[in-house]
Amino acid sequence: MSMLTNTLGRYFAGRFVVSALGVFASIFLLLVLVDYIEMVRKTSGLASASAIMVAETSLFRVPQLLEKLTPFCMLIGAMTCYLALSRRLELVVARAAGISAWQFISPALGSALLIGVIATTAYNPMSANLRELSKRMEAELFGSAPGGGIQDASGFWLNQVTNDGQVIINAARSEQQGVRLTGLTLFRFDTDWHFKERIEAREATLEDGHWLFKTVRRFSLDAPPIDQAQLEIPTTLTEAQVRNSFSTPETVSFWQLPSYIRSSESSGFATAGYRLQYHKLLAQPFLLAAMVMLAASVSLRFFRMGGVQKMVLSGVGAGFLLYVLSKVTEDLSKAELMHPIAAAWLPVLVGGLTGFLALLYQEDG
C-alpha cells in the first residue's frame with residue numbers, strides 16, 4: 001500500500017503540474033498576443049520599428065504581468081486537474097483503494113509549494129530583469145521624440161535644488177530604477193526662483209555629481225532654440241536616492257528587496273511598499289498551496305452527480321474574493337494603516353483556512 005500511495009502520489013503530482021503549466025502557458029500566449037497587438041498599434045507610425053523588435057518588447061513585458069496571475073493559474077490548473085480525474089473515475093478508484101482526499105491532494109500541495117519557491121527565487125528576478133530590458137527597448141523605439149511614446153503612468157517627476165537654482169525634471173520613462181531616463185523635459189529657475197529656460201532631451205544618465213543629458217534642445221524667453229549634443233547639470237543626488245525615488249516595488253527583484261529596504265530606511269524614504277512586496281513574495285508558496293485547497297474543496301465531487309458548472313463558478317468566485325481581499329490589504333499597507341506582514345499573510349490564512357474547513361466538512365463532516 002505504501003508503494004501504491006507513492007506511485008499514485010507521483011501520478012497526481014504530475015497531472016497537477018501539467019495542468020497548472022498548461023494554464024500558465026495559455027494565459028502567457030494570450031497576454032503576449034494582446035500586448036503585441038497594442039504595441040503594433042502604437043508603433044504603426046514609426047518607420048524604425050521592426051516587427052521582431054516589437055514582438056520582443058511585448059514578450060519581455062508579459063512575464064511581470066503574468067506573475068500577478070500566478071495564483072489564479074494554480075487555482076484553475078488544480079480545478080482542471082481534479083475535474084479531469086473525477087471525469088475519468090480515477091478519484092473513485094483511489095477512494096475505493098482506501099486513499100482519502102487528504103492523501104491525494106497532498107502531492108498537489110507539495111508541488112504548489114515547490115512552484116511557489118521557484119516563482120519567488122527564480123521567476124521574480126527574471127521577470128524584473130526582462131521588464132528593465134523591455135523599458136530599454138521601448139526607449140529605442142520611442143526615443144526619437146522627447147516625451148513621446150509609451151509612458152509609465154503620468155511620467156516621472158524630480159525636483160532638485162542646487163547652488164545654480166532649481167531644476168524640475170519630467171521623464172516619460174525610467175530605466176534601471178531611475179538611473180537612466182528618457183523622453184525628458186526640464187524647467188530651470190535661477191536662485192531668485194525666476195524662470196530661466198526649458199530644456200528637452202532624448203535621454204539622461206545619472207553620473208557622479210551630475211546628470212548627463214543627450215540630444216538636447218534649449219528654449220529661452222529671449223533667444224532662439226539651441227541644439228546641443230549633450231549637457232551636464234550638477235546634482236547632489238546619489239544613485240541610491242534616485243533608485244528609491246523612481247523604482248516601484250514590483251520592479252525590484254526578490255534578492256534586492258532587503259537592500260532596498262535598508263537603503264530606504266537610511267535615506268528617510270517610506271518602506272511600506274518594499275516591505276509588503278518582500279513579504280508577499282515570501283508568502284507566495286503558501287498562497288499557491290491555499291489556492292490548491294480552495295480548488296480541491298469545489299472539485300472533488302463525483303463528476304456524474306452533476307453540478308459541475310456550479311462548482312467551477314464557486315471556485316472562480318472564491319478566487320476573486322481572495323483577490324479583492326489581497327488588494328484591500330495591500331492598499332491599507334501602502335497607506336501604513338496595516339502592517340506589511342499582516343497584509344501579505346492575511347489572504348494566505350483566509351484562503352487556506354477556507355479550503356481546509358470546506359474539505360474537512362466534505363470529507364469528515
Side-chain angles (χ1 to χ4, degrees), residues 1-33 66 69-119 123 284-323 351-352 354-365:
M1 175 59 83
S2 177
M3 183 173 293
L4 174 63
T5 305
N6 290 336
T7 302
L8 282 177
R10 290 192 295 270
Y11 174 73
F12 287 145
R15 291 293 301 272
F16 165 74
V17 170
V18 169
S19 297
L21 292 181
V23 173
F24 191 89
S26 300
I27 297 179
F28 178 81
L29 292 176
L30 179 62
L31 289 177
V32 168
L33 179 61
L66 189 59
L69 300 178
T70 302
F72 297 97
C73 293
M74 292 295 106
L75 177 68
I76 298 174
M79 292 173 60
T80 303
C81 172
Y82 288 127
L83 288 175
L85 291 174
S86 178
R87 185 167 183 260
R88 297 177 182 179
L89 304 180
E90 292 173 290
L91 293 184
V92 177
V93 174
R95 289 177 183 271
I99 301 174
S100 68
W102 303 105
Q103 289 176 294
F104 54 70
I105 69 170
S106 58
L109 290 175
S111 300
L113 289 172
L114 180 60
I115 292 174
V117 171
I118 296 174
Y123 184 82
Q284 186 168 228
F286 301 96
L287 179 60
L288 300 187
M291 286 296 185
V292 173
M293 295 283 288
L294 282 177
S297 66
V298 299
S299 305
L300 295 182
R301 186 178 177 181
F302 185 36
F303 191 86
R304 293 186 179 180
M305 294 179 64
V308 176
Q309 296 85 353
K310 186 181 295 185
M311 290 189 297
V312 172
L313 288 177
S314 61
V316 174
F320 176 75
L321 291 177
L322 195 62
Y323 171 76
T354 302
F356 175 78
L357 292 176
L359 279 175
L360 189 66
Y361 175 77
Q362 293 176 12
E363 298 298 320
D364 302 324

Results of side-chain contact (heavy atoms from CB on, under 4.5 Å) for T354 - residues two or more places apart only:
L294, V350
Could you give the distance from SG (C73) to CE (M291), rounded to the nearest 0.5 Å?
10.5 Å
Only counting residues at least two apart or in another chain, list the ones meeting ring pair (Phe, Tyr, Trp, His ring centres under 6.0 Å) with F12.
F104
State, to 0.1 Å, how close L75 and G319 come at their nearest heavy-atom pair, and which atoms those are.
CD2-CA, 3.8 Å
In this structure, CZ of R10 is separated from OG of S111 (nearest 0.5 Å) by 12.5 Å
Once side-chain contact (heavy atoms from CB on, under 4.5 Å) is applied, do any residues pair with V117, and if so which ones, sequence neighbours excluded?
T121, P285
Measuring from atom CD1 of I115 to atom OH of Y123, what distance do you get when rounded to the nearest 0.5 angstrom?
13.0 Å
Of the non-hydrogen atoms in G352 and M293, which two are nearest, and what is the gap between them?
O-CE, 4.2 Å
Mind checking ring pair (Phe, Tyr, Trp, His ring centres under 6.0 Å) for F320 and listing every partner two or more places apart, or none if nothing turns up?
none
Are side-chain heavy atoms of M74 and L287 found at a separation under 4.5 Å?
no
Taking only residues two or more places apart in sequence, or in another chain, which ones meet A290 in a side-chain contact (heavy atoms from CB on, under 4.5 Å)?
none
Count the heavy atoms of every other residue, nucleotide or ligand shown that sit under 6.0 Å from OH of Y323, and state whether that count exceeds 12.
no
What distance do L288 atom CG and L109 atom CG have between them, rounded to the nearest 0.5 Å?
11.0 Å
Which residues satisfy the side-chain contact (heavy atoms from CB on, under 4.5 Å) test with I118, sequence neighbours excluded?
L114, A122
Result block: side-chain N/O donor-acceptor pairs under 3.5 angstrom for residues 23-31, not counting sequence neighbours:
residue: S26; atom: OG; partner: G22; partner atom: O; Å: 2.8

Just verifying a value: how many Å separate F16 CZ and L85 CG, rounded to the nearest 0.5 Å?
11.5 Å
